[in-house]
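Here the structure is laid out as structure tokens; the discussion comes afterwards.
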Amino acid sequence: MDFVELEAIEGLRWPWNSWPVSKSEAAALVVPLSVMCTPLMQFNELPLLPYDPLVCGQCGAVLNPYARVDYTTRIWVCSFCYRKNSFPRSYTGIGENNLPAELFPTYSTVEYQVGKKVTNPTSNLNLNGSWSNGLRPNPSLSTVMSSSSLVSSFSSSSLAGLDSRGVVGPAFVFVVDLSSSEEELRALKNELLLVVSQLPENALVGLVTFDSMVHVHDLGFAECSRVVVLHGERELSSEQTRKLLGIPQMPQQQLVKMPFNQKQGFLLSVSECEFSITAAIEDIHSSPQVRPGHRPQRSTGAAISAAIGLLEGCSINTGSRIMVFTSGPATVGPGMIVDSNLGNAIRNHRDLISGHAANYRKACEFYKRLLHRLLNSSIVLDLFACSLDQVGAAELRSCVESSGGFMILGESFESEQFRKCLRHLFIRDEEGNLKMCFDVTIEIVTTKDVKICGALGPCVSLKKMNSSVSEKEIGEGGTNVWKLGTLTNKTCIAFFFQVGDEQKAQPSSAFFIQFITRYQHGNMGIRKRVTTAARRWVGKNSAEIASGFDQEAAASVMARLAIHKAETTAAPDVIRWLDQRLIHFASKFGDYIQEDPSSFRLSSNFSLYPQFMYYLRRSQFIDVFNSSPDETAFFRLMLNREGVVCSLIMIQPTLFQYSFDGPPIPVLLDVCSISPDVILLFDSYFCVVIHYGSKIAQWRKLAFDKDPNHESFRKLLEAPEIDAEQLVAERIPVPKLIKCDQHSSQARFLLAKLNPSVTQNSTYKDGSEIILTDDVSLQDFTEHLQALAVQG
């Protein structure tokens, strides 16, 4: 079974593709029943239907290919709750040879334009002269067009005549740190001006700047530059912020008719304020120099709170983002993480563990309060931190992650990394709309024997209970509906399930899970994407359980569980928990003779899983030594939202070898792979390393690549650089590119991730590279695992 191909069809990865019928058997699998779901994954063929979905009157499931249809009586039976539902009048004429797209067996995923009114459906959508509601003929007929042409007809016809003029776009509030240096601010201003110039004219923009005080810019005041100054040490409520800004409160009945409060000048459309927002950005300058021995005064928390209050006061209902650009820690006001005196060091992991980080808990509680306001108004918070010091990303993580926001930890606003990341957020689709979505909810519908435990990822539980929700909670649980501020086509969420208590499922029978994702598209229209997946129940000790095990998806799920546990548990205890789970897993699925470690074997479906766990327990997600709290927050936030492939690169990086012997080949992530006459390309997702062997480095220094007689050497040097540039170009956030020689100081980025099969304690080194460490090697780890697993 090719799980990657299956993901390309469904957008789902299942650690277990066949589920046992009983709760006890499911618990014995060690890796929980779960699904890695990428709700807005890009598909080659995705029908866009210009009408509302047909919903079951009992369980809320959407009509799908697994529903049983009686064409004579025009009744469809829900595959989830077996309720009989009638087709509406628009489906008159439905038949085996004339199916709506949502009943096509090839379309497990379809997308609806909710509330879309087709003025002339016959002329726009009729493919065979008989339909007037967007329904499609049976693909089995020879006269029907191909699937690809059908989808293109859907896309072009459903968007025909859509006029974005008069539609209010999303809102963007830029929050800029004035304590940055003049050079940094100059680079930042250039990027902000570029962003504003490329925004759609109907997009709303606002500007907040801060140092020890918070400055909210009035973009609608034409006579001169007008700024409302708020105290940086005060925590203001939404109502207080609205009154201080002088924004009038709108009656509820007006809010229904108007997309936002237009009786203010702080948040205006680009078409209205392009000159004033450009002038205000150009007029940004660095705050006066700070006293020697002190940090600049930054009221970051108060500035974010003011930006939220501005959006709340303007009653935005079209989706909004607050984009924070800072270059240091908050030193005053709510959210402060360290005082301005440089004699007081910023908190580290040891301080957090020992409880000596005086401001940490208070700042986290403040940002949790802000998170509730963000979620209630569907506001996304992005953090662009460019600094050599920490900025408080650890405290801000809950706000950024749960709102679905973007985080980057860079070194400078002048860096290519920052520019690429900011510009990537504002790219547009073929129709000129921003590739952004807002105000997302994900609802799950299951068959009655499947219970929902929760989710891990950039989402928040809405606490909507029904009969399919389990009492057991994992992560964001106690619901079948989750809220997200935004989604990208790569955002992935892990959903957890368990078998129901009644145990009425029969082996070989099917069960269904449906994911309904509702979101606001970049053109401000509402869409619903519906994915329906089916799998089979299997009996006890069925061979289908092993054959349907996806070890890559399982490693990604266990990694999310581990970092979730690491938030409240010490790292050694998390590693101990991972080891215990792995021993139970090996004991259950290994083939061995009791008490004989040498007889232990794992089938190919399970063989890579132990080494995934080995590299996970050594990773920066669990072992926080040599990482700051900000870096750990960033690493965990990224792991918690990326899909299986990217997660696996983070857990177990890839290593390719380039040599004169032939094309590049993948090699073991082991110190033995280092050789003087080869080049290694290492990818850990966050950094890409080109490692030159000592001989290669020496030849390069002698400029052999410039000699026409050594053309092959020049091509050898070029090959990893071309591949590395491609990796860097395709990935957001942009990874750090490091070029280093064997035995150089920067080779540590590679050595720290390699399996230490040869160390200072090894008896036979044979002149090879060694790693100075007391860490156990993969070989020793595997031997210990085998010895413990065979004990039963």
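The basis for the numbers below is simple: all heavy atoms, side chains too, and nothing from hydrogens, waters or symmetry mates.
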Practice prompt. For the pair Asn489 (side chain) and Leu40 (backbone), establish whether a donor and an acceptor sit closer than 3.5 Å, ignoring hydrogens and angles.
Written response: no

Item to complete: With rounding to the nearest 0.5 Å, note down the distance linking OG1 in Thr517 to CD1 in Ile444.
Response: 9.0 Å

Worksheet item: Taking only residues two or more places apart in sequence, or in another chain, which ones meet Ser468 in a side chain to side chain contact (heavy atoms under 4.5 Å, CB included)?
Response: Thr446, Ile452, Asn466, Asn480

Worksheet, complete the sentence: Heavy-atom nearest pair, Pro733 first then Cys421, reads CA-SG, 3.7 Å

Discussion item. Checking Ala570 now: which residues fulfil side chain to side chain contact (heavy atoms under 4.5 Å, CB included) with it, not counting sequence neighbours?
Written reply: Pro572, Asp573

Practice prompt. Taking all non-hydrogen atoms of both residues into account, name the closest pair between Leu578 and Met613 and its distance.
Written response: CD2-SD, 4.2 Å

Discussion item. Quick check: do Met41 and Leu12 have side-chain heavy atoms less than 4.5 Å from each other?
Written reply: no

Discussion item. Which label fits Phe515 and Phe497: parallel for a plane angle under 30°, tilted from 30 to 60°, or perpendicular past 60°?
Written reply: perpendicular

Fill in: Heavy-atom donor-acceptor pair, Asp630 side chain to Gln390 backbone, under 3.5 Å
no

Worksheet item: Any chance the side chains of Ser627 and His349 put a donor and an acceptor closer than 3.5 Å?
Response: no

Practice prompt. Would you mind reporting whether Tyr609 and Met558 have side-chain heavy atoms less than 4.5 Å apart?
Written response: yes

Fill in: Backbone N/O of Gly548 and side chain of Trp16: donor-acceptor pair under 3.5 Å
no

Discussion item. If you count heavy atoms of other groups shown closer than 6.0 angstrom to CD of Glu471, is the number above 12?
Written reply: no

Practice prompt. Classify the side-chain pair Arg373/Ser305 by whether it contains a donor and acceptor separated by less than 3.5 Å.
Written response: yes

Discussion item. Is it the case that the side chains of Glu642 and Tyr685 hold a donor-acceptor pair, with the cut-off being a distance below 3.5 Å and no angle test?
Written reply: yes

Discussion item. A side-chain contact here means heavy atoms from C-beta on lying under 4.5 Å apart; do Ile493 and Pro458 qualify?
Written reply: yes

Practice prompt. Give me the ring orientation class for Phe511 and Trp537: parallel if the planes are under 30° apart, tilted from 30 to 60°, perpendicular past 60°.
Written response: tilted

Response to the item:
On a heavy-atom basis, the closest approach of Arg397 and Met407 is CA-CE, 4.3 Å

Worksheet item: Any donor-acceptor pair under 3.5 Å linking the side chain of Tyr615 with the backbone of Leu669?
Response: yes

Worksheet item: Can you list the steps and then say if Phe686 with Phe634 is a ring pair (Phe, Tyr, Trp, His ring centres under 6.0 Å)?
Response: CA-CA 10 Å; Phe686 300 108; Phe634 171 68; 5.7 Å; yes

Worksheet item: Is the count of non-hydrogen atoms from other residues, nucleotides or ligands lying under 6.0 Å from Arg361 atom CZ greater than 12?
Response: no

Practice prompt. Check for a donor-acceptor pair, side chain of Thr479 on one end and backbone N or O of Ser461 on the other, with a separation under 3.5 Å.
Written response: no

Item to complete: Check whether any side-chain N or O of Ser777 sits under 3.5 Å from a backbone N or O of Asp780 as a donor-acceptor pair, and report yes or no.
Response: yes

Discussion item. For Glu25 and Lys540: C-alpha separation, side-chain torsions, deciding distance, then whether salt bridge (charged side-chain N to carboxylate O under 4.0 Å, His left out) applies.
Written reply: CA-CA 7 Å; Glu25 290 167 27; Lys540 189 175 183 180; 5.3 Å; no

Worksheet entry | Side-chain heavy atoms of Pro629 within contact of Arg347, under 4.5 Å | yes

Worksheet item: How close do Arg618 and Ala752 get, heavy atom to heavy atom, and via which atoms?
Response: NH2-O, 3.8 Å

Discussion item. Between Thr326 and Ser387, is there a side-chain heavy-atom distance shorter than 4.5 Å?
Written reply: no

Worksheet item: Between Ala555 and Ile651, which heavy-atom pair has the shortest distance, and what is it?
Response: O-CD1, 4.0 Å

Worksheet item: Just checking, any donor-acceptor pair under 3.5 angstrom between side chains of Gln779 and Asn755?
Response: yes

Practice prompt. Kindly indicate whether the side chain of Phe549, heavy atoms from C-beta on, has any atom under 4.5 Å from the side chain of Phe589.
Written response: no

Item to complete: Run the numbers on Phe682 and Phe749 for ring pair (Phe, Tyr, Trp, His ring centres under 6.0 Å), then give the verdict.
Response: CA-CA 9 Å; Phe682 169 82; Phe749 288 99; 9.3 Å; no

Worksheet item: Counting only N and O atoms by type, is there a donor-acceptor contact under 3.5 Å from the side chain of Ser402 to the main-chain atoms of Cys399?
Response: no

Worksheet item: Residues two or more places apart in sequence or in another chain: which of them pass side chain to side chain contact (heavy atoms under 4.5 Å, CB included) with Thr488?
Response: Lys490, Thr491

Worksheet entry | Expected output: side-chain Arg617 to main-chain Ile575 donor-acceptor under 3.5 Å | no

Worksheet item: Does a donor on one side chain and an acceptor on the other come within less than 3.5 Å for Glu401 and Asn640?
Response: yes

Worksheet item: Looking just at side-chain N and O atoms, do Tyr614 and Thr782 make a donor-acceptor pair shorter than 3.5 Å?
Response: no

Worksheet item: Shortest non-hydrogen contact from Gln594 to Gln791?
Response: NE2-O, 3.2 Å

Discussion item. Before you tell me yes or no, could you show the steps for Tyr519 and Thr486 under side chain to side chain donor-acceptor pair (under 3.5 Å), namely the whole-Å CA-CA distance, both residues' side-chain angles and the distance that decides it to 0.1 Å?
Written reply: CA-CA 8 Å; Tyr519 67 98; Thr486 187; over 6 Å; no

Worksheet, complete the sentence: Only residue of Phe495, Phe3, Trp19 satisfying ring-ring contact (aromatic ring centres under 6.0 Å, His included) with Trp14 is Trp19

Practice prompt. Using the side-chain contact (heavy atoms from CB on, under 4.5 Å) rule, take Leu582 and Phe781 through it: C-alpha gap first, then chi angles, then the decisive distance, then the call.
Written response: CA-CA 11 Å; Leu582 180 58; Phe781 178 80; 3.6 Å; yes

Discussion item. Looking at Ser34 and Pro32, would you say the former's side chain and the latter's main chain have a donor-acceptor pair under 3.5 Å?
Written reply: yes

Worksheet item: For Gln746, does the CD atom sit with more than 12 other heavy atoms under 6.0 Å from it, leaving out its own atoms?
Response: yes

Worksheet item: Is a donor on one side and an acceptor on the other found under 3.5 Å between the side chain of Asp351 and the backbone of Asn348?
Response: yes

Worksheet item: Hey, are the side chains of Ile545 and Pro20 touching, using non-hydrogen atoms and a 4.5 Å cut-off?
Response: yes

Item to complete: Hey, could you give me the CD/CG distance between Gln611 and Leu785, rounded to the nearest 0.5 Å?
Response: 12.0 Å

Worksheet item: What do the steps show when you test Asn17 against Arg535 for side-chain contact (heavy atoms from CB on, under 4.5 Å), and what is the final call?
Response: CA-CA 7 Å; Asn17 282 273; Arg535 293 295 187 274; 3.1 Å; yes

Worksheet item: Between Lys483 and Ser378, is any side-chain donor less than 3.5 angstrom from a side-chain acceptor?
Response: yes

Item to complete: Give the intermediate values and the outcome of salt bridge (charged side-chain N to carboxylate O under 4.0 Å, His left out) for residues Glu473 and Lys463.
Response: CA-CA 11 Å; Glu473 290 191 23; Lys463 298 298 180 184; 3.7 Å; yes

Worksheet item: Within a radius of less than 6.0 Å around NZ of Lys464, do more than 12 heavy atoms belonging to other residues, nucleotides or ligands occur?
Response: no

Practice prompt. Would you check, one step at a time, whether the test side-chain contact (heavy atoms from CB on, under 4.5 Å) holds for Ile622 with Lys565?
Written response: CA-CA 10 Å; Ile622 309 299; Lys565 203 174 186 67; over 6 Å; no

Item to complete: State the CG-CG distance between Asp382 and Leu396, to the nearest 0.5 angstrom.
Response: 11.5 Å

Worksheet item: Can you find a heavy atom in the side chain of Met36 that is under 4.5 Å from one in the side chain of Val557?
Response: yes

Discussion item. Does Val624 form a side-chain contact (heavy atoms from CB on, under 4.5 Å) with Gln620? I'd like the steps, not just the answer.
Written reply: CA-CA 5 Å; Val624 297; Gln620 70 269 37; over 6 Å; no

